[in-house]
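Just below is one structure, and these are the notes that go with it.
Here, residue 1 is the first one in the sequence, and each next residue gets the next number. Just so you know, ligand 1 is whichever comes first in the structure, and atom 1 is the first atom listed for that ligand. The model shown is predicted, which means the values in this text are computed figures rather than measured ones.
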Amino acid sequence: MRIARFARSGDISFGFVQGDPDVPGDLVVAPLTGHPLFDPTPTGEVVPLSSVRLLAPTQPINVVCIGKNYADHVREMAGTTSGPSESGVPTVFLKPATSVIGPDDPIRLPVGAGRVDHEGELAVVIGKPARDLTPENALAHVWGYTAANDVTARDQQKSDGQWTRGKGHDTFCPLGPWIETDLDAADLRVRCEVDEVLRQDGRTRDLLHDVPAVLAFITSFMTLLPGDVVLTGTPAGVGPLEPGNVVEVSVEGIGTLRNPVVSR
Ligand code: MG
């Protein structure tokens, strides 16, 4: 099931997305009353997806991110960030909820921030309150998956030592285009294109810490809530964004998250 959140005539609602994304004009959305996690009731209406404005498919309280989770990306970051912890513990950081934007919303490059990079990633959307999960029961707490762009002010990330500013600017967490609830995330292709030029091309089977392990680790110290998002890390190929670019993150089985880039 693909669940979108969208605006139409001033109202915001959720809906089931149906149709073939590869056939132009084929996609439709069946609006729901209520929240899709708790009491989804189709209104009976079906409208073209092109007639609505897609929003970020979830409004998380927590956006928890894993860094340095693909070996090829760790290698390309040598000199910018330290390597993975020798303890084997995942690198974890937060992005503020206010950094979340939806499909087609502009990524706004902060003035004077220096280099700002794209990081295409698989994102996990949580479906049930989750604490002290095990790798064995973690996936039962997942609502679904979406695509994310962990936009990063690389120079600030390096100079600050802490990552909050470099990762936390407004608009630095595009999510979408919708949540796919029926998906095995163990081996999905994750790509990122800038102006239709392929920059990143990885597979989730190469995650150093896979989705169950990441959820078990995060919930060993904090509660994840329904609608929260976990960004799983980015493969190699990160690179700078410039005003006028269009950046697209595609995750196999989900779809493509597209955002223009502008100056703030
Ligand atoms: Mg990242």
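In this structure, E252 pairs ionically with R203, as a charged nitrogen and a carboxylate oxygen lie closer than 4.0 Å. The pair D150-K167 meets the salt-bridge criterion, since a charged nitrogen lies less than 4.0 angstrom from a carboxylate oxygen. The pair R154-D117 meets the salt-bridge criterion, with a side-chain N (NZ, NE, NH1 or NH2) lying under 4.0 Å from an Asp/Glu carboxylate O. Between D155 and R165 there is no salt bridge, since no side-chain N of the basic residue sits under 4.0 Å from a carboxylate O of the acidic one.
When the Mg ion (ligand 1) is compared with the N/O/S atoms of D150, atom OD2 turns out nearest. If you look at E121 and ask which of its N, O or S atoms sits nearest the Mg ion (ligand 1), the answer is OE2. In E119, the N, O or S atom that comes nearest to the Mg ion (ligand 1) is OE1.
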